[in-house]
Amino acid sequence: MSAALSGAVDLSALKARADAVRQAPSRPAAAPPAGGGAPAAGGPFVFDVTEATFQQDVVERSLQVPVVVDLWAEWCGPCKQLSPVLERLANAGGGAWVLAKVDVDANQRIAQLFGVQSIPTIVAIAGGQPVDAFSGAQPEPQIRQWIGALLDALRDRLPGIAAAEAAAGGAPQEVAEEPVDPRLIEAEDAFERGDFAAAEQAYQRILDVEPANEEVKAALAQVRFTARAEAADPSTVGKADADPGDLDAQLAAADVEVAQQQVDEAFARLIKAVRNSAGEDRDRVRSHLVELFGLFPSDDPRVAKARRDLASALF
């Protein structure tokens, strides 16, 4: 399940940038807790990381134990499936490895450093360098196997692994696996192999039976968006800017901008298209915009603002 890293990723640039951010008077870094490291995001061995804390909480920690970096975003459906599994396994590991969570929307330069093409992306850091990685939600048994292989390969190189295992009685604490819905496995497998039509059908079958399943709704929105975004030509943004009346270009450009994390720009583009269109064309643009809203939490301030602007454009 590992994804080959395109050469050795040099973290020195981010380390230097993190130092500069941490030392800047306008953005002083909070002091770490007494035990070292960042406050837990979902348990004692799970924590949030920013550019300002990356060097201490990822690079320096990785000299003792593997640091598994979870690059995620609130709007990402597969992230919501994978992150809880990683968090449970990290806490059950007793400190033999730790989980560092990076919100790519808030820390875009970290995502750029790792060359992230899609999320979730998981990167294992040891000795200050990436050693393995994978992308996309994976079944829990495969994640367990991946972590086990990681610890076996690094146990003799990183002293904190054996120390944590000894403190836990000689082996990582076992955690009971949660039952996995085979319908979700079918949908996730299709998504992972790039068969977006099959993934959409699988998620839709679940919603036909469970119309209130918000997790599946979010996953379905992510599948539809990913299929469009991967098919879109990045040059479409320029074409859309040159011809505001080309609705196909406006819709495709908005998808490209969301994929590039230019969310405000995408929403503004479509709201402008709503104002400048009528009838079926207006309905088409509005529907596309509402579908993009589904990629984000309902309380996301960008969505809230866009909804207000959309209401103003319609009425």
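Heads up: numbering here begins at 1 and tracks the sequence. Only a predicted model underlies this, so the values are computations on that prediction, with no experimental measurement involved.
- Contact of the D48 side chain with the K101 side chain is registered, since non-hydrogen atoms from C-beta on lie closer than 4.5 Å.
- Inter-residue side-chain proximity for N107 and V49 is flagged as unmet; no heavy-atom pair is nearer than 4.5 Å.
- Closest non-hydrogen pair, L158 versus A126, comes out as CD1-CB, 3.9 Å.
- Between L71 and A111, the closest heavy-atom pair is CD2-CA, 4.2 Å.
- Remark: side-chain polar atoms of S62 are paired, donor with acceptor, to backbone N or O of G128 under 3.5 angstrom.
- Atom CD of E140 sits about 9.5 Å away from atom CG of L86, to the nearest 0.5 Å.
- Partner of E210 under the side-chain contact (heavy atoms from CB on, under 4.5 Å) criterion, chosen from R205, K217, E215, R183: R183.
- I206 places a side-chain heavy atom less than 4.5 Å from the side chain of L184.
- Between K305 and D264 there is no salt bridge, since no side-chain nitrogen of the basic residue lies less than 4.0 Å from a carboxylate oxygen of the acidic one.
- Using a 4.5 Å heavy-atom cutoff, the side chains of I125 and P66 are not in contact.
- At distances below 3.5 Å, at least one donor-acceptor pair connects side-chain atoms of R282 with backbone N or O atoms of V274.
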Checklist entry - Passes side-chain contact (heavy atoms from CB on, under 4.5 Å), V116 versus I110? Steps please. => result CA-CA 9 Å; V116 173; I110 295 179; over 6 Å; no
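- Other residues, nucleotides and ligands contribute more than 12 heavy atoms inside 6.0 Å of the CD atom of Q260.
- Both W146 and V46 belong to a single network of hydrophobic side chains, linked directly or stepwise wherever heavy atoms of I, L, V, M, F, W or Y lie under 4.5 Å apart.
- Taking both residues in full, the closest heavy atoms of A266 and V258 are given as CB-CG2, 3.5 Å, listed atom of the first, atom of the second, then distance.
- In this structure, the side chain of D243 does not engage the main chain of K239 through any donor-acceptor pair within 3.5 Å.
- Partner V68 forms a side-chain contact (heavy atoms from CB on, under 4.5 Å) with one of D132, V58, V98, L99 and no other, that one being L99.
- Side-chain contact between F54 and E60 is absent, with no heavy-atom pair separated by less than 4.5 Å.
- The shortest heavy-atom contact between T121 and S135 is OG1-OG, 3.3 Å.
- By the 6.0 Å and 45° rule, R302 does not stack over the aromatic ring of F293.
- Interatomic distance, Q108 CD to Q261 CD, rounded to the nearest 0.5 Å: 4.5 Å.
- For R157, the CZ atom counts as loosely surrounded, since its 6.0 Å shell holds 12 or fewer non-hydrogen atoms of other residues, nucleotides or ligands.
- W72 is not listed as a side-chain neighbour of I119, based on a closest heavy-atom distance of 4.5 Å or more.
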Checklist entry - Going through the distances and angles, do S83 and E87 end up as a side-chain hydrogen bond (donor to acceptor under 3.5 Å, both in side chains)? => result CA-CA 6 Å; S83 290; E87 291 178 16; 5.1 Å; no
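- Inter-residue side-chain proximity for L89 and I143 is flagged as met; some heavy-atom pair is nearer than 4.5 Å.
- With hydrophobic clusters built from ILVMFWY side chains whose heavy atoms lie under 4.5 angstrom apart, V131 shares a cluster with I161.
- Checked by atom type and distance alone, the side chain of D255 never pairs as donor or acceptor with a backbone atom of A229 at under 3.5 Å.
- In this structure the side chain of E188 never reaches within 4.5 angstrom of the side chain of Q138, judged on heavy atoms.
- Put simply, W97 and L63 are part of two different groups of oily side chains (I, L, V, M, F, W, Y) that touch within less than 4.5 Å, one to the next.
- F225 CZ to Q222 CD: the interatomic distance, rounded to the nearest 0.5 Å, is 7.0 Å.
- A continuous path of ILVMFWY side-chain contacts below 4.5 Å connects V285 to V263, so both sit in one hydrophobic cluster.
- Listed here is the closest heavy atom pair of A137 and P120: N-CG, 3.9 Å.
- By the criterion of side-chain heavy atoms lying less than 4.5 angstrom apart, applied directly or through intervening Ile, Leu, Val, Met, Phe, Trp or Tyr residues, V256 is not grouped with F267; the two fall into different hydrophobic clusters.
- Between R228 and E291 there is a salt bridge, with a side-chain nitrogen of the basic residue lying less than 4.0 Å from a carboxylate oxygen of the acidic one.
- Rounded to the nearest 0.5 Å, atoms CZ (F114) and CZ (R109) are 14.0 Å apart.
- Rounded to the nearest 0.5 Å, atoms CZ (R275) and CG (L270) are 12.0 Å apart.
- The number of heavy-atom neighbours closer than 6.0 Å to CD of Q204, taken from other residues, nucleotides and ligands shown, is above 12.
- Considering every non-hydrogen atom in both A249 and T236, the closest pair reads O-CG2, 3.4 Å.
- Salt-bridge formation is not detected for the pair E280/R284: no Lys NZ or Arg NE/NH1/NH2 atom is positioned less than 4.0 Å from an Asp or Glu carboxylate oxygen.
- Here the CG atom belonging to L220 is positioned 11.0 Å from the CG atom belonging to N213, to the nearest 0.5 angstrom.
- For the residue pair Q250 and D246, no side-chain donor N or O sits within less than 3.5 Å of a side-chain acceptor on the partner.
- Between K80 and E74, none of the side-chain N atoms (NZ, or NE/NH1/NH2) sits under 4.0 Å from a carboxylate O, so this pair counts as no salt bridge.
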